[in-house]
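We name chains A, B, ... by the order of the sequence lines, and we start the count at 1 in each one.
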Amino acid sequence: GVNCQGGSKMCCRQEFFVDFREIGWHDWIIQPEGYAMNFCTGQCPLHVAGMPGISASFHTAVLNLLKVNTAAGSTGGGSCCVPTVRRPLSLLYYDRDSNIVKTDIPDMVVEACGCS
Amino acid sequence: NLKTGGPCPACWGAAFDLESQRELLLDLAKKSILNKLHLRQRPTLSRPVSRAALKTALWRLRAPRQETPLEHDQTQEYEIISFAETGLSSINQTRLDFHFSARTAGGMEVRQARLMFFMQLPSNTTETVNIRVLVLRPYATNLTLTSQYPLQVDASGWHQLLLGPEAQLACSQGHLTLELVTKSQVAHSSVILDGFSHRPFVAARVRAGGKHRVRRR
């Protein structure tokens with residue numbers, strides 16, 4: 001996966017951190033202090049589609065480009081910039097009865113993005 | 001975009017403007033967390049727990065466990081710590097009430113429940129504590145004794161007891177009542193019930209969505 005930098009418009013992972021104190025949730029969420037949500041953004045031209053990430057090498061990019069050129073009328077937007085690696089978010093929080101709950105919520109943190 | 005059949009904006013639209021969409025993203029993050037925790041809104045704290053009690057409980061739970069590990073599967077699991085509220089008491093017995101939000105895990109299935117309590121004993125002393133599980137049967141007005149566990153205590157410190165299926169069921173229904181019974185008043189005074197950092201608690205391991213599971217009979 002590639003992290004978004006500067007004016008890049010290709011599919012990349014944009015870091016986005018939600019500070020629980022900033023949104024006033026620090027009183028009921030004990031740990032962690034925030035949520036590294038992150039998300040995927042950017043374009044997925046067809047020659048990078050179908051791979052679990054941006055083109056792995058120059059050769060695979062060229063091969064995919066050839067595939068695109070030989071496909072007739074391939075102008076549609078079938079490929080999406082989507083999370084390819086995600087990990088759980090561990091939370092320790094108070095529920096409405098002031099019990100303390102610990103859980104791992106699966107697939108909450110985007111680790112890497114790629115073109116579908 | 002399933003409705004229009006068009007491409008998703010993340011792929012073909014303009015580059016995402018983080019600052020202008022900040023509020024939207026924060027809202028999305030909040031909704032996502034609440035949704036995954038099966039909560040409609042953020043909980044408001046009705047009975048705040050002291051930081052000392054919280055710290056002690058977490059520290060106790062981090063200690064190595066002696067029981068056999070539970071079979072792990074892919075469903076989301078929770079650990080819930082419920083601190084005791086002391087109810088009716090007599091010379092040698094005290095009632096402990098534990099509340100669980102049945103909604104917390106969207107119909108939860110309690111797979112394991114452990115009682116942890118602190119006793120301060122004089123040296124070279126041994127006491128027996130009887131822990132009784134009381135439940136309210138349907139259409140009954142009084143609590144019924146379903147099981148009891150005698151526990152031999154021979155040193156000061158934290159003690160734990162794995163509770164059986166009746167207690168687990170009571171937890172999953174939202175309320176567990178236990179009675180600590182000792183043989184003498186002296187022994188009873190050694191059970192610490194309201195110390196800031198020694199408050200008894202039940203630690204429950206819970207699997208989400210228990211009520212939606214289908215069992216073959």
Rounded distance (nearest 0.5 Å) linking atom [atom1] of [X] with atom [atom2] of [Y]:
| X | Y | atom1 | atom2 | result |
| --- | --- | --- | --- | --- |
| B:Arg40 | A:Arg96 | CZ | CZ | 11.0 Å |
| A:Gln14 | B:Gln21 | CD | CD | 12.0 Å |
| B:His38 | A:Thr103 | NE2 | OG1 | 8.5 Å |
| A:Leu92 | B:Ile81 | CG | CD1 | 6.5 Å |

(message) For the interface with chain B, which of A:Asp104, A:Ile29, A:Leu89 has the highest count of heavy-atom pairs at distances below 4.5 Å?
(response) A:Asp104
(message) Heavy-atom cut-off 4.5 Å, strictly under: side chain, backbone, both or neither for B:Ser32 against chain A?
(response) both
Can you name the closest pair of heavy atoms from [X] and [Y] and give their distance?
| X | Y | value |
| --- | --- | --- |
| A:Met37 | B:Ala29 | SD-CB, 3.5 Å |
| B:Pro43 | A:Asp95 | CB-C, 3.8 Å |
| A:Asn99 | B:Phe100 | ND2-CA, 3.5 Å |
| A:Gly24 | B:Arg42 | O-NH1, 3.0 Å |

(request) Please step through side chain to side chain contact (heavy atoms under 4.5 Å, CB included) for the pair A:Ile100 and B:Leu54, ending with a clear verdict. (result) CA-CA 8 Å; A:Ile100 293 156; B:Leu54 169 64; 2.9 Å; yes
(message) Filter on side chain to side chain donor-acceptor pair (under 3.5 Å), then keep only pairs touching residues 140-149 of chain B, sequence neighbours left out; what's left?
(response) B:Asn130-B:Gln148, B:Ser147-B:Glu166
(request) Using a strict cut-off of less than 4.0 Å between a Lys/Arg side-chain nitrogen and an Asp/Glu carboxylate oxygen, indicate whether A:Glu22 and B:Arg22 qualify as a salt bridge. (result) yes
(request) Examine whether an atom of A:Phe16 lies under 4.5 Å from a heavy atom of chain B, and if so say whether it belongs to the side chain, the backbone or both; otherwise answer neither. (result) side chain
(request) Please say whether more than 12 non-hydrogen atoms of neighbouring residues, nucleotides or ligands are located less than 6.0 Å from CD in B:Gln93. (result) yes
(request) Assess whether side chain to side chain contact (heavy atoms under 4.5 Å, CB included) is satisfied between A:Tyr35 and B:Leu26, documenting all intermediate values. (result) CA-CA 10 Å; A:Tyr35 165 34; B:Leu26 289 176; over 6 Å; no
Under a 4.5 Å cut-off applied to non-hydrogen side-chain atoms, are [X] and [Y] in contact?
| X | Y | answer |
| --- | --- | --- |
| A:Val18 | B:Ile33 | no |
| A:Tyr93 | B:Leu37 | yes |
| B:Thr44 | A:Tyr94 | no |

(request) Report yes or no: does A:Ser98 contribute a side-chain atom to a donor-acceptor pair with the main-chain N or O of B:Leu45 at less than 3.5 Å? (result) no
(message) Checking A:Gln31 now: which residues fulfil side-chain hydrogen bond (donor to acceptor under 3.5 Å, both in side chains) with it, not counting sequence neighbours?
(response) none
